[in-house]
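Just below is one structure, and these are the notes that go with it.
Note on naming: letters A, B, ... go to the chains in the order of the sequence lines (proteins, then strands), and numbering restarts at 1 for each one. Here the structure is a predicted model, which is why all the values come from computation and not from measurement.
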There are 2 protein chains.
Amino acid sequence: MKAQALHGHLDALLLAVLEQGELHGYAIIEALRARSGGTLDLPTGTIYPALRRLERAGYVASSWSTVNGRERRTYRLTEAGGRALAGERAGWREFSATVGRFLGTDQPPAAPA
Amino acid sequence: MKAQALHGHLDALLLAVLEQGELHGYAIIEALRARSGGTLDLPTGTIYPALRRLERAGYVASSWSTVNGRERRTYRLTEAGGRALAGERAGWREFSATVGRFLGTDQPPAAPA
DNA sequence: GCGGACAAGTAGCGTTGCTACGTATGAAGG
DNA sequence: CCTTCATACGTAGCAACGCTACTTGTCCGC
């Protein structure tokens, strides 16, 4: 997938991942990769700054913990983050519907389990 | 709709509009606005540079004409542009499917005529 | 004459993600 | 013991892209 196609939607993805439970940065990267079937393989230099942006915005909160001598910063969605996610979802729906009208999205044949 | 959400997909939209026939810049803006139901109201400062980008890339070709004393630069899709559009379509499909998996797109109920 | 629709364009800005780099621990392999 | 790899975090600088604001010019209606 083209790299910068994410532009403007990364925050929504991160919030969506955190919606299902708190995770630390590295795990978020793996979650994105796993849930996307390998399509979304985002570098750390993309994720970590994005998480800090979200924290600054109040959409996520973080706390440190040490696991096996490794420092982890675990992020969780805040209430504001939940509201933001809802907005992002609505925004995404409108956006994809609009662009889809031109690019002919229609039915993705994928029938997930 | 949030402004910069288009990031990376504008070219595809322009090519898609031109696919249905050649148009001049101003008409492209109106076509986008009309076909999107007013959602896509892009300023000239967005469209004109984008068209020139596409022309430089060889995806569209242009020719001048004068209508009612008004200079028009009419753009049409080239063969390379058609191929590019096909690629963009595939890219969009993958992108929207991937992001949709996280944001929950599902089936847009729109069943166009 | 003046404002508004039509028609094209440029300059500069801000956002955003990416590349490249740096640091540190623990486990596995030679 | 030393190297390599996976885990885990982070920053600095860059490039792409669309937007805002502005400019120029014609034609039409008031």
Worksheet item: Among residues 20-38 of chain B, which contact DNA chain C at a heavy-atom distance under 4.0 Å?
Response: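 Of all residues in residues 20-38 of chain B, the ones placing a heavy atom under 4.0 Å from DNA chain C are B:His24, B:Gly25, B:Tyr26, B:Glu30.
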Fill in: Contacting residues from residues 64-78 of chain B, given that a heavy atom lies under 4.0 angstrom of DNA chain C
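Within residues 64-78 of chain B, the residues near DNA chain C are B:Trp64, B:Arg70, B:Glu71, B:Arg72, B:Arg73, B:Tyr75.
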What pairs of donor and acceptor atoms, side-chain ones from residues 58-65 of chain B against any protein atom, are under 3.5 angstrom apart with sequence neighbours left out?
{"unit_1": "B:Ser62", "atom_1": "OG", "unit_2": "B:Glu55", "atom_2": "OE1", "d": "3.4"}
{"unit_1": "B:Ser62", "atom_1": "OG", "unit_2": "B:Glu55", "atom_2": "OE2", "d": "2.6"}

Discussion item. So, taking the atom named CG in B:Leu15 and the one named CZ in B:Arg83, what distance separates them when rounded to the nearest 0.5 Å?
Written reply: 12.5 Å
Worksheet item: Closer to the 5' end of DNA chain D via nearest nucleotide, is it B:Thr44 or B:Pro49?
Response: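 Nearest-nucleotide comparison on DNA chain D picks B:Pro49.
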Discussion item. Does a side-chain N or O of A:Tyr48 approach OP1 or OP2 of D:dC9 to a distance below 4.0 Å, or not?
Written reply: yes
Worksheet item: Hey, does the side chain of B:Arg52 come within less than 4.0 Å of C:dA8's phosphate (OP1/OP2), counting only N and O?
Response: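 Answer is no, no contact under 4.0 Å.
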Item to complete: Say whether B:Thr74 and B:Glu22, considering side chains only, have a donor N or O and an acceptor N or O under 3.5 Å apart.
Response: no
Check the distance between [N]'s [atom2] and [X]'s [atom1] and give it to me in whole angstrom.
X	N	atom1	atom2	result
B:Leu51	C:dA8	CG	P	9 Å
B:Leu6	C:dT16	CG	P	14 Å
B:Arg53	C:dT10	CZ	P	13 Å
A:Leu54	C:dG17	CG	C1'	13 Å
B:His9	C:dG17	NE2	C1'	13 Å
B:Ile47	C:dT10	CD1	P	14 Å

Worksheet item: Taking C-beta and beyond as the side chain, do B:Val17 and B:Arg35 meet within less than 4.5 Å on heavy atoms?
Response: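 They are in side-chain contact.
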Fill in: Close side-chain approach of B:Leu18 to B:Arg76, heavy-atom, < 4.5 Å
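They are not in side-chain contact.
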Practice prompt. Write down the atom of B:Gly25, the atom of B:Ile47, and the distance for their closest heavy-atom approach.
Written response: O-CG2, 4.4 Å
Practice prompt. Looking only at side-chain atoms of A:His7, point me to the closest of D:dG18, C:dT19, C:dT16.
Written response: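 From the listed options, C:dT16 comes nearest.
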Discussion item. Using 30° and 60° as the class boundaries, would you call the ring planes of B:Phe95 and A:Trp92 parallel, tilted or perpendicular?
Written reply: perpendicular
Worksheet item: Is a side-chain N or O of B:Arg89 found less than 3.5 angstrom from the main chain of A:Leu103, in a donor-acceptor match?
Response: yes
Worksheet item: Within the distance-only criterion (no hydrogens, no angle test), does the side chain of B:Thr46 pair as donor or acceptor with the backbone N or O of B:Leu42 below 3.5 angstrom?
Response: no
